[in-house]
Amino acid sequence: MEEAITTTKITALAGGVGAARFLRGLTRAVPAETVTVIGNTGDDSVMYGLHVSPDLDIVSYTLAGIVDTAGWGIAGDTTHALTQIAGYGIDTWFTLKDRDIGTHMARTNWLAEGMTLTQITDHIRTSLGVTARILPMSNEPVRTKIVTLDGVTRDFQEYFVKRRHSEGVAAVTFDGARAASPAPGVMEAIEQADRILVCPSNPVLSIGPILAVPGIRETIARRREDVAAISPIIAGAALKGPAATLLPVVGAEATPTGVAALYRDFCGTMVLDRADAAQASRIEALGVRTLVTQTIMHSPAEAELLAKEILQL
Ligand code: GDP
Ligand code: CA
């Protein structure tokens, strides 16, 4: 017998693909309108003159059911615009497809007209039929920068996409974070949630920027007993991306224990994969409770099961 889930309000911190996969399950497990997503904007950048918010769009497109199988962009999209500008000699290393470009055109224009990223993100997700609320972490620019072992500071997308995160990293910084403030609704979503979930996202690149916005980490820490995080690291590796190589850069081991050590001040429960069951006692020794289960989400149904298990804690 399945226990009834009585949770009424859930707030989730989210990066891109890993988070979106989990959120698709969460919004099947509970009414989507009870879910508020706080999204990372550290990856935002201006590409070909357009303001791109990759993580917010990945979540919106995924919850709208239109995401491409790659996990970002829109399914069935075409590349005419990029082909056209490549013909003008523009280096098109950052792939944006046509319908997706429409989103960035709208966002760029609305920003120029004075709308906030909060208003724009809300307008896009409602227009796409998404009932979960999606909030950018901040309306002020916070820009993730990568300092390489050679001492070069790179814009995030240049490190991540152009150079395929192949360079050694000395440090990760969040430019503008200190002067930024949480976007409207963010603090209330944390304070008023019954449960707070940290999605399986890159702890350094996706959750890091959200926590760097002054006030957010402390406010979540006050809710510590109601916070659960899903480890994006399974058996010492990330399913995709550089999470395992970046954790040591911030002094953490590339294991669920390392993630728990990084999160322990604000996170009361770590959800880790069965493959890492042997680490549960080390995590508990840090003062963090554990849930050991299957955390690889091959399908929305598996993501829904994972969400239900976490909510039944
Ligand atoms: P982005 O898509 O590049 O913004 O990256 P995210 O911040 O979403 O991080 C990707 C992380 O999600 C990687 O560390 C993956 O290991 C993790 N991830 C992706 N899919 C899954 C999954 O099914 N289960 C778990 N536990 N983690 C996942
Ligand atoms: Ca991202």
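All ligand and atom numbering here is 1-based and tracks the order in the structure.
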**Prompt:** Should you measure from each heavy atom of F160, which atoms of ligand 1 turn up under 4.0 Å away?
**Reply:** 3 (O)
**Asked** I190 and side-chain contact (heavy atoms from CB on, under 4.5 Å): which partner among V227, I216, T36?
**Response** I216
**Request:** Please determine if A238 has a nitrogen or oxygen closer than 3.5 Å to a nitrogen or oxygen of ligand 1.
**Result:** no
**Prompt:** Is R154 reaching over with its side chain to a backbone N or O of K145, donor-acceptor style, under 3.5 angstrom?
**Reply:** no
**K308 with E304: basic N within carboxylate O range, under 4.0 Å** = yes
**Message:** When you compare the side chains of S181 and E140, does any donor N or O come within less than 3.5 Å of an acceptor on the partner?
**Reply:** yes
**Message:** Within ligand 1, which atoms have a heavy atom of I296 less than 4.0 Å away?
**Reply:** 23 (O), 24 (N)
**Asked** For S45 and Q157, does a side-chain donor sit closer than 3.5 Å to a side-chain acceptor?
**Response** no
**Request:** For the residue pair T148 and E167, confirm or rule out a side-chain donor-acceptor distance under 3.5 Å.
**Result:** no
**Asked** Considering only the protein, which heavy-atom contact is closest to atom 23 (O) of ligand 1, and what is its distance?
**Response** M297 N, 2.8 Å
**Item:** Angle subtended at the Ca ion (ligand 2) by OD1 of D55 and OD2 of D43, nearest 10°
**Value:** 100°
**Message:** Under a 4.0 Å threshold between the charged nitrogen and the carboxylate oxygen, would E158 count as salt-bridged to R163?
**Reply:** yes
**Asked** Starting from atom 20 (N) of ligand 1, which protein heavy atom do you reach first, and at what distance in Å?
**Response** R21 NH1, 3.0 Å
**Request:** Spell out, as yes or no, whether a donor-acceptor pair under 3.5 Å connects the side chain of Q279 to the backbone of D276.
**Result:** no
**Request:** Note the single closest protein heavy atom to atom 9 (O) of ligand 1, along with its residue, its atom name and the distance in Å.
**Result:** N202 N, 3.2 Å
**Prompt:** Between the side chains of Y61 and D100, does any donor sit under 3.5 Å from an acceptor?
**Reply:** yes
**ligand 1 atoms in contact with A243 (distance to a heavy atom under 4.0 Å)** = 14 (O)
**Request:** Identify, for atom 7 (O) of ligand 1, the protein heavy atom at the shortest distance, and state residue, atom and that distance.
**Result:** S206 OG, 2.5 Å
**Proximal ligand 1 atoms for V17, defined as those under 4.0 Å from one of its heavy atoms** = 1 (P), 2 (O), 8 (O)
**Prompt:** Salt bridge check: are R224 and D265 linked by an N-O gap of less than 4.0 Å?
**Reply:** no
**Message:** Any nitrogen or oxygen of I230 lying under 3.5 Å from a nitrogen or oxygen in ligand 1? Just yes or no.
**Reply:** no
**Message:** Below 4.0 Å, non-hydrogen atoms only: which portion of S231 touches ligand 1? Side chain, backbone, both or neither.
**Reply:** backbone
**Complete:** The answer for which part of P200 has a heavy atom under 4.0 Å from ligand 1 is both
**Request:** Around atom 25 (C) of ligand 1, find the nearest protein heavy atom and jot down its residue, atom name and distance.
**Result:** T295 O, 3.5 Å
**Prompt:** Just by distance, do the side chain of E225 and the backbone of G268 share a donor-acceptor pair under 3.5 Å?
**Reply:** no
**Prompt:** When rounded to the nearest 0.5 angstrom, what distance separates OG1 in T118 from CD1 in I134?
**Reply:** 12.0 Å
**Fill in**
Here the atoms of ligand 1 under 4.0 Å from any heavy atom belonging to D55 are 4 (O)
**Message:** Just to confirm my output: which protein heavy-atom neighbour is closest to atom 1 (P) of ligand 1, and how far is it?
**Reply:** K240 NZ, 3.5 Å
**Contacting atoms of ligand 1, where contact means under 4.0 angstrom from a heavy atom of P232** = 14 (O), 15 (C), 16 (O), 17 (C), 27 (N)
**Prompt:** At a non-hydrogen distance cut-off of under 4.0 Å, which region of I233 contacts ligand 1 (side chain, backbone, both, or neither)?
**Reply:** neither
**Asked** Of the protein's non-hydrogen atoms, which lies at the shortest distance from atom 15 (C) of ligand 1, and what is that distance?
**Response** L239 N, 3.6 Å
**Asked** Do G18 and ligand 1 have an N or O pair less than 3.5 Å apart?
**Response** yes
**Asked** Within the distance-only criterion (no hydrogens, no angle test), does the side chain of D194 pair as donor or acceptor with the backbone N or O of K9 below 3.5 angstrom?
**Response** yes
**Prompt:** Considering distance alone, does some N or O of G16 sit under 3.5 Å from an N or O of ligand 1?
**Reply:** yes
**Prompt:** Based purely on interatomic distance, does I58 place a nitrogen or oxygen under 3.5 Å from a nitrogen or oxygen of ligand 1?
**Reply:** no
